[in-house]
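For reference, the structure discussed in these notes is given below.
Counting convention: from 1, in listed order, for ligands and their atoms alike. On a predicted model such as this, the values are computed, not experimentally measured, just so you know. Below, all heavy atoms of this structure are taken into account, side chains as well, without hydrogens, waters or symmetry copies.
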Amino acid sequence: MVVLILLEGVLFVAAIVALAALFVWGLLRFTPLGTRWRQAANRRQIDEQADLICPIHGLQAPGSLVRLSSGEPFCSQCYQETSYGQLDR
Ligand SMILES: [Zn+2]
C-alpha cells in the first residue's frame with residue numbers, strides 16, 4: 001500500500017515536470033520569444049568563436065589561452081612574446 005502511494009506521488013511529479021517541459025518547448029518553438037532566444041544563442045556562439053582567433057597566430061584551442069588580469073582571454077603566444085620578448089619561436 002505504501003508503495004502505491006509513493007508511486008502515485010512520483011508519477012504526479014513526473015507528470016508536472018513533463019507538462020512544464022512541454023510548455024517551455026512550445027514557448028521556445030512557436031513564439032517570437034524562441035526566435036529571440038536562438039538569435040542570442042547564435043550571437044554568444046559566434047562571440048565565443050571570435051575570442052579564440054588571434055589575428056597573428058590564428059585559431060587557438062580554448063585551453064591554451066591566457067586569462068589577463070582584466071578578465072579577458074588572450075593568445076598565449078602573443079602573451080609570451082609581449083611579456084618576455086621571445087618573438088616567433
Ligand atoms: Zn597570437
Side-chain angles (χ1 to χ4, degrees):
M1 199 62 177
V2 174
V3 172
L4 290 177
I5 294 173
L6 289 175
L7 185 64
E8 182 186 357
V10 168
L11 288 176
F12 181 71
V13 170
I16 289 176
V17 169
L19 285 176
L22 183 67
F23 176 74
V24 170
W25 175 79
L27 201 66
L28 293 179
R29 178 72 177 89
F30 297 110
T31 65
L33 181 69
T35 303
R36 284 184 63 96
W37 186 82
R38 281 191 297 277
Q39 289 169 347
N42 289 340
R43 179 173 49 84
R44 272 194 307 271
Q45 184 182 7
I46 290 170
D47 287 347
E48 288 171 3
Q49 285 183 338
D51 285 343
L52 298 178
I53 296 174
C54 172
I56 299 169
H57 300 106
L59 184 66
Q60 302 290 311
S64 72
L65 296 178
V66 174
R67 187 158 301 274
L68 300 176
S69 56
S70 63
E72 59 185 86
F74 195 64
C75 171
S76 59
Q77 296 175 40
C78 287
Y79 179 77
Q80 191 172 28
E81 290 171 6
T82 304
S83 299
Y84 300 105
Q86 298 170 337
L87 297 175
D88 293 333
R89 288 196 304 163

Practice problem: Take the Zn ion (ligand 1) as the centre and count protein N, O or S atoms at distances under 2.8 Å. | Solution: 4
Exercise. Answer yes or no: does atom CZ of R38 have more than 12 heavy-atom neighbours from other residues, nucleotides or ligands under 6.0 Å?
Key: yes
Quiz item: Tell me the ring-ring contact (aromatic ring centres under 6.0 Å, His included) pairs involving residues 6-51, sequence neighbours left out?
Solution: W25-F30
Exercise. Give, for atom CZ of R44 and atom CG of N42, the distance between the pair rounded to the nearest 0.5 Å.
Key: 9.0 Å
Practice problem: Linking directly or through intermediates, with side-chain heavy atoms under 4.5 Å: list the remaining ILVMFWY members grouped with I53, chain and number order. | Solution: L52, L59, L65
Practice problem: Start with the C-alpha distance between C75 and I56, add both sets of side-chain angles, then the distance that settles side-chain contact (heavy atoms from CB on, under 4.5 Å), and finish with yes or no. | Solution: CA-CA 9 Å; C75 171; I56 299 169; over 6 Å; no
Exercise. Any chance you could pull the hydrophobic cluster mates of V66, using side-chain heavy atoms under 4.5 angstrom and chaining through other members?
Key: L68, F74, Y79
